[in-house]
Amino acid sequence: MEFRIAADELKKALYRAQGIVERKTTMPILANVLVTAHKAGVTVTAFDLEIGIVSEHPAEVVKPGAVTLSAKYVFDIVQNLPDAHVTLKKLANNYVEISSGSAHFKIVGTAPEEYPKLPREESAPLVQVTGNTLLEMIKKTQFAISTDETRYILNGVYFEPQQSGKVRMVATDGHRLSLIERELPGDFKLKGGVIIPRKGLLELKRLLDEAPDAECQLGFAENSALFKKTGLTMVMRLIDGQFPEYQRVIPKEGEKSVLVPKTRLLEGLKRIALLSADKSYAVRIGLVENQLLITANNPDLGEAKDALDIAYQGTAITIGFNARYLIDVLTVTDTDEVAFELGDEHSPGVLHAPGDRSFTAVVMPMRV
């Protein structure tokens, strides 16, 4: 195997692999990428047995062949090369010579036959999707995905096609929930919803971030998802299980609904949470006449209070919340104002855009 490739192209392929390759694993080969040179160019494959990416790149191929190389070390080398182009040449015993300008490296590789095969997904019907829309849906749900491995069903986002060409994505960790519904026309041929795992979703977000306007396709087979765009294929296993009945958690409409300036509320929460106790980010949200109050009390540090001017004429209430959960929602909210619906101290708070519940976040109350 021997080929010459632009350093930036190889760097892009290896960067895509960084989030997938397993550095601490009982299978050392999963820390490697499979580099394959053929007449059409070079492909770089990363696979951790759950998520796989095949990245295609133009190159001058002198001699076709394949080898696996350390994803991390070769990435570090390519980032620091002196020349705009790099040559990779396979030597005896799977050693690989990397040359660029005055720099030369000789790297240990392994036989390509040892690399695990990606699952074939020809059966997945692909739907043309808008990258920007899919990216927005991921950004507005990823923060609510559970990281508790014992509740593996919640370790991903529920992807559920609706009627009239819409798709709903839902994430919850039991303390909060985020739901977004957007137009993604096309028939995914799904009988119900599927659960996309957290790691796969974040890798998909990285790929969409590269070029949000690029045409892309998404499809689902029995237990895996397939994503494609020009020069790139990604496959990931789905979480097997039944997502909880999330509709039960979403209140129809809070007893008290107020419109709050988003930026002002976000800044106030960040300030007051500095004095919340024991890293619990616990704050009190209070409604009094024409004001929303944010307060925190820490026996070791003291207390803090901020008041926002709003239009409110109802009875006074105070409810405890995790400020970080509210901050996460407000950070991804696009509107200047946010509708904040509250019930009593035992009822969840609901945030959404004024007059639009297509992106809705639910935050459970906490004792403060």
Side-chain angles (χ1 to χ4, degrees), residues 1-81 85-100 103-124 199-200 203 206-207 221 223-237:
M1 180 195 82
E2 184 178 352
F3 64 87
R4 185 170 184 265
I5 187 171
D8 281 347
E9 284 291 324
L10 188 54
K11 186 164 71 174
K12 184 199 288 186
L14 292 165
Y15 173 74
R16 287 169 171 172
Q18 296 308 301
I20 294 174
V21 291
E22 293 286 333
R23 294 186 177 89
K24 296 177 182 176
T25 174
T26 53
M27 290 178 66
I29 197 149
L30 296 183
N32 286 13
V33 289
L34 174 64
V35 180
T36 308
H38 42 79
K39 286 181 182 178
V42 169
T43 62
V44 177
T45 303
F47 187 38
D48 69 351
L49 303 182
E50 297 292 327
I51 305 162
I53 283 182
V54 181
S55 194
E56 302 167 19
H57 301 273
E60 298 170 26
V61 178
V62 178
K63 186 179 179 184
V67 70
T68 90
L69 295 167
S70 165
K72 181 184 183 303
Y73 290 116
V74 177
F75 180 57
D76 290 343
I77 289 168
V78 173
Q79 283 195 103
N80 291 285
L81 291 176
H85 286 81
V86 55
T87 299
L88 274 75
K89 184 178 181 181
K90 186 176 173 182
L91 309 173
N93 299 320
N94 293 304
Y95 275 84
V96 172
E97 184 180 75
I98 301 173
S99 308
S100 177
H104 299 272
F105 297 84
K106 190 178 174 186
I107 301 294
V108 177
T110 55
E113 295 78 22
E114 294 180 30
Y115 206 75
K117 297 280 188 292
L118 266 71
R120 294 187 175 277
E121 292 305 338
E122 287 92 347
S123 60
K199 182 178 176 181
E203 288 309 312
R206 285 213 312 173
L207 297 176
N223 62 349
S224 51
L226 185 66
F227 172 79
K228 283 194 171 192
K229 68 176 186 175
T230 305
L232 183 104
T233 301
M234 175 184 181
V235 61
M236 63 178 134
R237 298 192 197 281

Kindly list each side-chain donor-acceptor pair under 3.5 angstrom involving residues 108-117, sequence neighbours excluded, with atom names and distances?
from: T110; atom 1: OG1; to: T68; atom 2: OG1; distance (Å): 2.3
from: Y115; atom 1: OH; to: N32; atom 2: O; distance (Å): 3.0
from: Y115; atom 1: OH; to: T45; atom 2: O; distance (Å): 3.4
from: Y115; atom 1: OH; to: F47; atom 2: N; distance (Å): 3.1

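Distance alone, capped at 3.5 Å, places no donor-acceptor pair between the K11 side chain and the D76 backbone. Side chain of R16 to main chain of L232: no donor-acceptor pair is present (N/O by atom type, distance under 3.5 Å, no hydrogens or angles). Counting only distance, with no hydrogens or angles, the side chain of Q18 and the backbone of A71 share a donor-acceptor pair below 3.5 Å. K90 places a side-chain N or O within 3.5 Å of a backbone atom of A66 that can act as its donor or acceptor partner. Side chain of R4 to main chain of L88: no donor-acceptor pair is present (N/O by atom type, distance under 3.5 Å, no hydrogens or angles). At distances below 3.5 Å, at least one donor-acceptor pair connects side-chain atoms of D48 with backbone N or O atoms of E50. Side chain of S100 to backbone of A103: no donor-acceptor contact under 3.5 angstrom is found.
With salt bridges taken as basic N to acidic carboxylate O contacts below 4.0 Å, none links D8 and K12. Salt bridge present: E22 and K199 bring a charged side-chain N and a carboxylate O closer than 4.0 Å.
Side-chain atoms of E203 and I20, non-hydrogen and from C-beta on, do get closer than 4.5 Å to each other. Counting only heavy atoms from C-beta outward, the side chains of M234 and L226 never approach each other to under 4.5 Å. Side-chain contact between L10 and V86 is present, with heavy atoms from C-beta onward closer than 4.5 Å.
Enclosure of atom NZ in K228 is not indicated, since only 12 or fewer non-hydrogen atoms of other residues, nucleotides or ligands lie within 6.0 angstrom.
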